Amino acid sequence: MIISSNHYVNLEATLFSGQCFRWISDPPWFYGVISNNLIKIREHPKGIEFFSTPTSETLLKDKIAEYFNLDENLDDIYSCINSDSRINTSIHLFQGMRILTQDPWECLISFICSSASNIKKIRRNIDSLTQYFGNKLYLDQQILNTFPTIQNIVEIDEDILRNLGLGYRSKYIKSTAQTILNQKIKIRTWENLNYQEGLDQLVYFKGIGDKIANCILLFSLNKKEAFPVDRWIEQILRNYYLTKSENKSLKTTASLRLWGMNHFGKYAGYANHYLFHYFRTQNK
DNA sequence: CAGGTC
DNA sequence: CCTGG
């Protein structure tokens, strides 16, 4: 099925810029899991074309459009954030790269896994989690798995997670799932929270600090003003944006994040992600 | 040391 | 603090 979009959708940049961790590329197709369905997708002159299983394309269409934020006006966003040469270059290099609206639970666990790690390892860790505790989905020659539920994670022993190579993150994954279950926290309702309420809720969990919380807000809770400050973004800000005195006074992740949110405005997260992807691919 | 956090 | 490139 084809879903039309008012702006080009750059699938490669969108799916492999570090906001999600388990899409597979088999040009021109990409395979991934959305809402417990295996999705096969490619770019199309009118937008995107996709197949799904087991749910029909018709029933899944809206969900896919939401995942890729297809109704978002990218030109409007670009004009809001395109205020300097670095952003401008990145926009031209990765025209059509979108910020996704992923499942918050999967996003949360994925970014707990991301702490002091690297993309390759994060992908391997999450892949292990889904292989051992998810359900298999088949399409063409691809086998992908659903993401384990909160209940699934609660039932897994911490040592098993450690054996999968998740290290010290294992106890954070366990305790987060346990807390959500025990306190009957409804993740569904998070999308109704504003930025600050969402941030407060997320950093409440052990293993989630300012950076990871902002990733979850940006990549799954539709908070485009969120501004995750990791080592890359911190270096970019310090090298290209901050004055000497700001470089001295801004020490914490949160203070840098507030500077970024203030400087780039309501689409700061888009500016963040374009800068992040640009510098990361440049320095490879 | 790595796309942090306690 | 785990793990691995």
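Since we're looking at a predicted model, the values are computed, not measured. Chain letters run A, B, ... following the sequence lines, proteins first, then strands; residues in each count from 1. Below, all heavy atoms of this structure are taken into account, side chains as well, without hydrogens, waters or symmetry copies.
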task = Would you indicate what A:Gly18 reaches in the nucleic acid, counting non-hydrogen atoms under 4.0 angstrom: base, sugar-phosphate, or nothing?
result = base
ask   = Could one point to a donor on the side chain of A:Tyr172 or the base of B:dG4 with an acceptor on the other under 3.5 Å away?
value = no
request  = Let me know the distance between CG of A:Asp210 and C1' of B:dC6, rounded to the nearest Å.
outcome  = 14 Å
ask   = Parallel under 30°, tilted from 30 to 60°, perpendicular over 60°: which one fits the rings of A:Tyr274 and A:Tyr78?
value = perpendicular
message = Rounded to whole Å, please give me the gap between CG in A:Asn125 and P in B:dA2.
response = 18 Å
message = Nearest whole Å is fine: how far is B:dC1 P from A:Gln235 CD?
response = 13 Å
request  = Quickly work out the A:Glu234 CD to B:dG3 C1' distance and round it to whole Å.
outcome  = 12 Å
key: Candidate nucleotides B:dG3, B:dT5, C:dC1, ranked by approach to the side chain of A:Ile212 - the nearest   = B:dT5
ask   = A:Lys120 near the nucleic acid: base, sugar-phosphate alone, or nothing, with a heavy-atom cut-off under 4.0 Å?
value = nothing
query = Considering only heavy atoms and no angle criterion, is a donor-acceptor pair shorter than 3.5 Å present between the side chain of A:Arg162 and the base of C:dC2?
reply = no
Separation of atom CZ in A:Arg124 from atom C1' in C:dT3, rounded to whole Å = 8 Å
task = Scan side-chain atoms only and decide if A:Glu72 and A:Tyr270 contain a donor-acceptor pair under the 3.5 Å cut-off.
result = yes
inquiry  = Could you check whether any side-chain N or O of A:Thr55 sits under 3.5 Å from a backbone N or O of A:Leu60, counting only pairs where one atom can act as donor and the other as acceptor?
reply    = no
inquiry  = Working note: A:Glu234 + A:Arg231, criterion salt bridge (Lys or Arg N to Asp or Glu O under 4.0 Å); need CA distance, chi angles, decisive distance, verdict.
reply    = CA-CA 5 Å; A:Glu234 175 168 1; A:Arg231 288 203 155 58; over 6 Å; no
request  = Decide yes or no on salt bridge (Lys or Arg N to Asp or Glu O under 4.0 Å) for A:Glu158 and A:Arg162, but give the supporting numbers first.
outcome  = CA-CA 6 Å; A:Glu158 185 183 317; A:Arg162 284 181 177 268; 3.1 Å; yes
request  = Mind calculating the distance between CD1 (A:Ile173) and C1' (B:dT5) to the nearest angstrom?
outcome  = 14 Å
query = How are the rings of A:Trp105 and A:Phe147 set to each other: parallel, tilted or perpendicular (split at 30° and 60°)?
reply = perpendicular
ask   = With respect to the phosphate group of B:dG4, does any side-chain polar atom (N or O) of A:Arg231 fall under 4.0 Å of OP1 or OP2?
value = yes
request  = Measure the acute angle between the ring planes of A:Phe276 and A:Trp232, then classify it against the limits of 30° and 60° as parallel, tilted or perpendicular.
outcome  = perpendicular
A:Asn118 vs A:Lys206, nearer the 5' end of DNA chain B by closest nucleotide = A:Asn118
Stems involving DNA chain B, each a run of at least 3 consecutive Watson-Crick or G-U pairs under 3.5 Å = none
query = A:Lys121 NZ to B:dG4 C1': how many Å, rounded?
reply = 13 Å
key: d(CZ, A:Arg169; P, C:dG4) in whole Å   = 10 Å
task = Using a 4.0 Å heavy-atom cut-off across all strands, classify A:Ile233 as base, sugar-phosphate, or nothing.
result = nothing
